[in-house]
Protein chains: 2
Amino acid sequence: MSQAFLAKILSAGDLSPADQSLVLRLLDDVRTVAARRDIIRDGERPDHVHVMIEGWACRYKVLRAGPRQITAFLLPGDFCDTHVTIFNEMDHGIAAISESRVAYVPRGRMLELTERPGIARAFWWASLVDEAVLRAWIVNLGRRDAFDRVGHLICELHARLHNVGLADDGTFDMPLTQEELSDALGLTPVHVNRVLKRLREEGLMSFRRRQITISDIAALRAATDFDPIYLHLSKQRVPVPTA
Amino acid sequence: MSQAFLAKILSAGDLSPADQSLVLRLLDDVRTVAARRDIIRDGERPDHVHVMIEGWACRYKVLRAGPRQITAFLLPGDFCDTHVTIFNEMDHGIAAISESRVAYVPRGRMLELTERPGIARAFWWASLVDEAVLRAWIVNLGRRDAFDRVGHLICELHARLHNVGLADDGTFDMPLTQEELSDALGLTPVHVNRVLKRLREEGLMSFRRRQITISDIAALRAATDFDPIYLHLSKQRVPVPTA
DNA sequence: CGGAATGTTGACAGTCATCAACACTAGTGG
DNA sequence: CCACTAGTGTTGATGACTGTCAACATTCCG
């Protein structure tokens, strides 16, 4: 599964073979994290960063009044928290959603590697992609109604999973509860439930037993105004609607 | 005004004097952009990146159905679009809000500079800060009501402007219309207007003639649950509530 | 098997959007 | 310098989308 990480980092451009093997060797300390357990907590000052190897995780922030907002889903191959390489303190938490395998990379090794321009650039590139995803998330929350919002997120997850080989056509496993979905979308679980029902009734997609089935990707993308450009997967696989 | 940029990039850590002067020399081509004019458009493939020297700009995305979402405000010292150093195509537009002075940096020079580890790391750091701001924006849109949302954004802008020396105590110039505010907050202009009225009535802040006056920063921050940690300004000035 | 977590549905309420009219401001041209 | 007009701000009435509360069904897991 660590080829997901490799594939991502490599698509940053032209890592020399030497750099490639250095990057791969970052992943020698892989640990298992149980589902629904924190990988790192808000306010911590860890001495290592994490890379998702297998499973799903999420970034989240809990407000004083209680509500939670998920700001990102982390899939195999994603860096969880490169910022602790540079910042001293986490400003949010990261939790495993499904049982996951996570690589632990000492902060010092990250800093060492960034002495190499190619690698520093690759890490930077990864951050820039994350930024683009965050911007799309903002657009989703700010300017789409609940229906489009849910559909758009599913399209994004589908594209990203497909990119790392974890989604065929229109089917993939999604270990999220409706409550977690609602925390990501700025909605309530009840309303997410209703929207899912409508998506099902309209024949666009269904979510049953932790599995997503998109009946007609092109239709869902059109309905929810999804354009995968922002994922910047150009050098990798992008699922093309079979239109 | 370019000391804003310098201050930001320098706080990335330890740029050597040589690196510092290289970075500063990036800013030799500064042009003026009129208010409300695009600095760069969605879909363009420019051959240079932009740095804000003076004035305000915003990132925005226009959806097919028409509504606009602003995903970031760009203040003096901010990179506008480092991603074009690496990606080929803009996935959103950037527009000047007030008349602005903007440095144009050829893409090639950016790539050259990233051959130097210290500089690559500094650029990376800037991206990581942007990411943190985007995450806070998502939390704002997803989990705060209109009232807290407006107040929180004002707190953020105040902290950022103070950081580059453009805000004293609780006063600063903000060249935004209520419509632009609403595009940033995922609200309608009408509702932003009502919220501003309430903020005024409750004695927290006012917005008149393009000027923000925060009567009681500590109170506004408390009311809207603002914690400046996410701005990662630690090495720079952070406005401390006079409580 | 049984209890807890998750999903589902309905009734009702509230926030915010929409529509519309009018006031004010600012910039333009005569 | 004033008049004029477009843009921006303000306020009210109305309605839609989404949240809240609550009950019950279903699934998951020890």
Side-chain angles (χ1 to χ4, degrees), chain A residues 34-37 56 63 65-70 95-99 140-153 173-202 205-213 224, chain B residues 34-37 56 63 65-70 95 97-99 140-153 173-201 205-213 224:
Chain A
R36 268 76 199 186
R37 279 265 300 283
W56 287 44
L63 295 191
R68 178 171 89 146
Q69 177 66 42
I70 289 174
I97 288 175
S98 54
E99 176 170 302
N140 215 21
L141 288 175
R143 289 298 181 212
R144 274 192 266 265
D145 67 16
F147 186 81
D148 288 1
R149 211 130 110 201
V150 174
H152 193 275
L153 176 61
D173 291 324
M174 185 169 85
L176 300 176
T177 63
Q178 293 183 1
E179 181 169 20
E180 285 160 339
L181 261 184
S182 74
D183 283 343
L185 293 163
L187 299 168
T188 55
V190 172
H191 202 244
V192 166
N193 183 288
R194 292 189 229 272
V195 167
L196 287 173
K197 181 182 180 187
R198 217 185 108 207
L199 282 163
R200 214 181 308 133
E201 288 169 352
E202 300 198 3
M205 53 157 280
S206 72
F207 178 35
R208 287 271 191 233
R209 319 184 129 273
R210 309 279 120 110
Q211 190 174 48
I212 292 282
T213 307
T224 63
Chain B
R36 268 77 200 184
R37 281 265 300 284
W56 288 44
L63 296 191
R68 177 171 90 145
Q69 176 67 41
I70 289 175
I97 288 175
S98 54
E99 176 170 302
N140 214 20
L141 288 174
R143 290 296 182 215
R144 274 193 267 264
D145 66 17
F147 185 81
D148 289 359
R149 213 132 109 198
V150 173
H152 193 275
L153 176 61
D173 291 325
M174 184 168 85
L176 300 175
T177 64
Q178 293 183 1
E179 181 170 20
E180 286 161 338
L181 261 183
S182 74
D183 282 343
L185 293 162
L187 299 168
T188 56
V190 172
H191 203 244
V192 165
N193 182 287
R194 292 191 228 271
V195 167
L196 287 173
K197 181 181 180 187
R198 218 186 108 205
L199 282 163
R200 215 181 307 134
E201 289 170 352
M205 54 155 281
S206 72
F207 177 35
R208 287 273 191 231
R209 322 184 127 273
R210 307 279 121 110
Q211 189 174 48
I212 292 283
T213 307
T224 63

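These figures come from a predicted structure and were not determined experimentally. Letters A, B, ... are given to chains in the order of the sequence lines, protein chains preceding strands, and every chain is numbered from 1.
For the pair B:Asp145 CG and C:dC16 C1', the computed distance is 10 Å after rounding to whole Å. A:Arg144 has its CZ atom 17 Å from the C1' atom of D:dC17, to the nearest Å. Atoms CG (B:Asp148) and P (C:dC16) sit 10 Å apart, rounded to a whole Å. For the pair B:Leu181 CG and C:dC16 P, the interatomic distance rounds to 15 Å; values are reported in whole Å. Between the CD atom of A:Glu179 and the C1' atom of C:dT8 there is a distance of 15 Å, rounded to whole Å. In this structure, B:Phe207 places its CZ atom 14 Å from C1' of D:dT10, rounding to the nearest Å. Summarising the geometry, the separation between CG on B:Asp183 and P on D:dT8 is reported as 11 Å, rounded to the nearest angstrom. One can place CZ of B:Arg149 at 11 Å from C1' of C:dT15, the figure rounded to the nearest angstrom.
Look at B:Arg200 and you won't find any side-chain N or O under 4.0 angstrom from OP1 or OP2 of D:dG9. Within the 4.0 Å cut-off from OP1 or OP2 of C:dT8, at least one side-chain nitrogen or oxygen of A:Gln178 is found.
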Please table the atom pairs, donor to acceptor, closer than 3.5 Å between any side-chain atom in residues 189-201 of chain B and protein atoms at least two apart or in another chain.
{"unit_1": "B:Asn193", "atom_1": "ND2", "unit_2": "B:Gln178", "atom_2": "OE1", "d": "3.0"}
{"unit_1": "B:Arg198", "atom_1": "NE", "unit_2": "B:Glu202", "atom_2": "OE2", "d": "3.1"}

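B:Met174 CE to B:Ile212 CD1: the interatomic distance, rounded to the nearest 0.5 Å, is 3.5 Å.
Heavy-atom distances to DNA chain D give each of A:Phe147 and A:Arg209 a nearest nucleotide, and the one nearer the 5′ end belongs to A:Phe147.
Contact annotation for A:Arg36: no contact, since no heavy-atom pair falls under 4.0 Å across all strands.
Helix-axis bend for the helix from C:dC1-D:dG30 to C:dG30-D:dC1: the local axis fitted to the five terminal pairs at one end deviates from that at the other end by 50°, rounded to 10°.
In the set D:dT8, C:dG7, D:dT18, C:dG7 carries the atom at the smallest distance from any side-chain atom of A:Arg210.
Looking at heavy atoms from C-beta onward, A:Asp183 lies out of side-chain contact with A:Gln69 at the 4.5 angstrom threshold.
Sorted by residue number, the members of residues 185-198 of chain B with any non-hydrogen atom under 4.0 Å from DNA chain C read B:Gly186, B:Leu187, B:Thr188, B:Val190, B:His191, B:Arg194.
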